[in-house]
Amino acid sequence: MDWGMKNRISRIIKPASGRTVMLAVDHGYFMGPTTGLEQLGRAVGPLLPYADTLMLTRGALRYFIDPAVDIPITLRVSGGTSILNKQLLHEGSVCSIEEAIRLNASCVAFSILVGAEYERDTILEFTRVVDQARSFGIPALCVTAVGRDMVRDARYMALASRLGAELGADIIKTYFVDGFEKVTETCPVPVVIAGGKKIPEQDALQMAHDAIAAGAAGVDMGRNIFQSENPVAMIQAVRAVVHDNASADEACNLYQSLKVEVSARA
Ligand code: 5RP
């Protein structure tokens with residue numbers, strides 16, 4: 001792995017902890033104006049100091065984010081179907097590697113749909129993106145997105161994650177399930193978890209804690225942060241779990257106290 005690739009990865013997965021808090025706000029490419037991201041720039045601004053990287057589309061970056069920001073960008077480069085399409089996440093490239101370089105991306109993100117009837121399309125296109133990104137020293141994050149009718153168990157997640165890594169991914173993003181050790185122990189690259197649909201803050205912090213305990217390198221969380229009652233407090237509580245090994249209870253207490261503090265400042 002060349003110097004540039006290592007440097008880009010170390011800006012995302014912090015060497016001090018070997019972990020990362022990725023803030024995912026790329027939902028618009030298939031969900032449109034997701035609750036909490038109607039005004040993406042306003043929602044994301046206060047969270048940036050606490051995120052290790054911002055995951056979003058080229059359009060969101062261009063139209064909502066100030067180019068003066070000091071945060072590594074993880075650019076969503078796959079797409080092609082919306083939530084209105086029954087073949088959700090039948091994705092291909094929607095952003096060239098030249099565009100990713102132009103936007104100073106530190107990482108590119110692409111979803112594969114392992115087990116879907118069209119898995120081959122997504123997998124072959126992913127490997128083309130890996131080849132292009134790697135030729136410029138840019139790491140590729142493989143989102144092993146779970147299709148509507150996939151069984152969410154450790155066996156499936158381990159298969160999808162290992163497949164993504166063997167095809168060249170530098171980071172895997174998948175979903176937390178019981179027995180998650182099976183996923184991290186058999187995957188040769190760092191694994192981060194998506195947060196999934198909004199759940200109570202305590203449960204989201206417990207999930208983050210359990211994922212870290214099972215060997216995850218962090219989270220790539222979106223809705224459970226920006227749809228939280230207090231996103232600024234929530235992302236800091238997530239950081240405590242990921243980077244400071246806080247327990248779920250400690251993080252929840254931190255969330256509650258920060259909520260008061262952040263609200264008082266508002
Ligand atoms: C969809 C994605 C999204 O980035 C991810 O699902 C959003 O994060 P969260 O689930 O935590 O809202 O990868 O394929």
Side-chain angles (χ1 to χ4, degrees), residues 12 20-38 40 43-44 47 50-61 73-85 87-95 105 107-116 118-119 122-123 125-126 129 140-148 150 152 157 160-161 164 169 171-177 191-201 203-208 210-212 216-228 231 234-235 237-239 241-242:
I12 294 170
T20 183
V21 173
M22 306 175 81
L23 177 58
V25 293
D26 60 322
H27 306 63
Y29 85 96
F30 73 108
M31 294 171 80
T34 318
T35 303
L37 295 182
E38 295 87 348
L40 191 146
V44 163
L47 304 176
Y50 309 104
D52 295 316
T53 183
L54 184 61
M55 178 169 166
L56 76 178
T57 61
R58 59 167 157 179
L61 187 58
I73 297 302
T74 295
L75 195 66
R76 161 65 70 176
V77 296
S78 71
T81 54
S82 74
I83 50 172
L84 303 178
N85 187 316
Q87 284 207 342
L88 179 63
L89 299 173
H90 184 174
E91 302 196 352
S93 285
V94 293
C95 179
C107 182
V108 291
F110 194 106
S111 292
I112 61 173
L113 240 291
V114 178
Y118 46 81
E119 66 175 358
T122 65
I123 290 170
E125 187 61 16
F126 170 64
V129 167
L141 178 142
C142 180
V143 182
T144 57
V146 178
R148 284 188 174 123
M150 298 299 173
R152 284 178 179 250
M157 299 299 179
S161 300
I171 305 172
I172 292 289
K173 169 180 177 175
T174 190
Y175 293 79
F176 181 73
V177 290
V191 179
V192 299
I193 64 156
K197 289 191 174 73
K198 178 71 180 68
I199 55 179
E201 281 78 0
D203 296 343
L205 292 169
Q206 187 66 58
M207 175 173 65
D210 295 349
I212 295 293
V219 301
D220 184 6
M221 202 174 264
R223 288 161 288 180
N224 277 287
I225 290 175
F226 63 73
Q227 290 177 355
S228 161
M234 185 60 178
I235 195 169
V238 170
R239 278 195 81 79
V241 169
V242 171

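Whatever order the structure lists ligands and atoms in, that order sets their numbers, starting from 1.
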Whether H90 and Y118 hold their rings parallel, tilted or perpendicular, with breakpoints at 30° and 60°: parallel
Donor-acceptor side-chain pairing of T35 and R223 below 3.5 angstrom: no
T122 versus E91, side-chain donor and acceptor atoms under 3.5 Å: no
Over all atoms of both residues, closest heavy-atom pair of I73 and T53: C-OG1, 3.8 Å
Polar side-chain atom of D220 near backbone of A194 as donor-acceptor pair, under 3.5 Å: no
Side chains of L37 and M31 in contact at under 4.5 Å (non-hydrogen atoms): no
Does ligand 1 have any N/O pairs with the protein under 3.5 Å, and how far apart?
from	atom 1	to	atom 2	distance (Å)
ligand 1	4 (O)	D26	OD1	2.4
ligand 1	4 (O)	D26	OD2	3.0
ligand 1	4 (O)	K173	NZ	2.9
ligand 1	10 (O)	G196	N	2.9
ligand 1	10 (O)	R223	NH2	2.8
ligand 1	11 (O)	G195	N	2.8
ligand 1	11 (O)	G196	N	3.3
ligand 1	11 (O)	G222	N	2.8
ligand 1	12 (O)	H27	NE2	2.8
ligand 1	12 (O)	R223	N	2.9
ligand 1	12 (O)	R223	NE	2.7
ligand 1	13 (O)	R76	NH2	3.0
ligand 1	13 (O)	K173	NZ	3.1

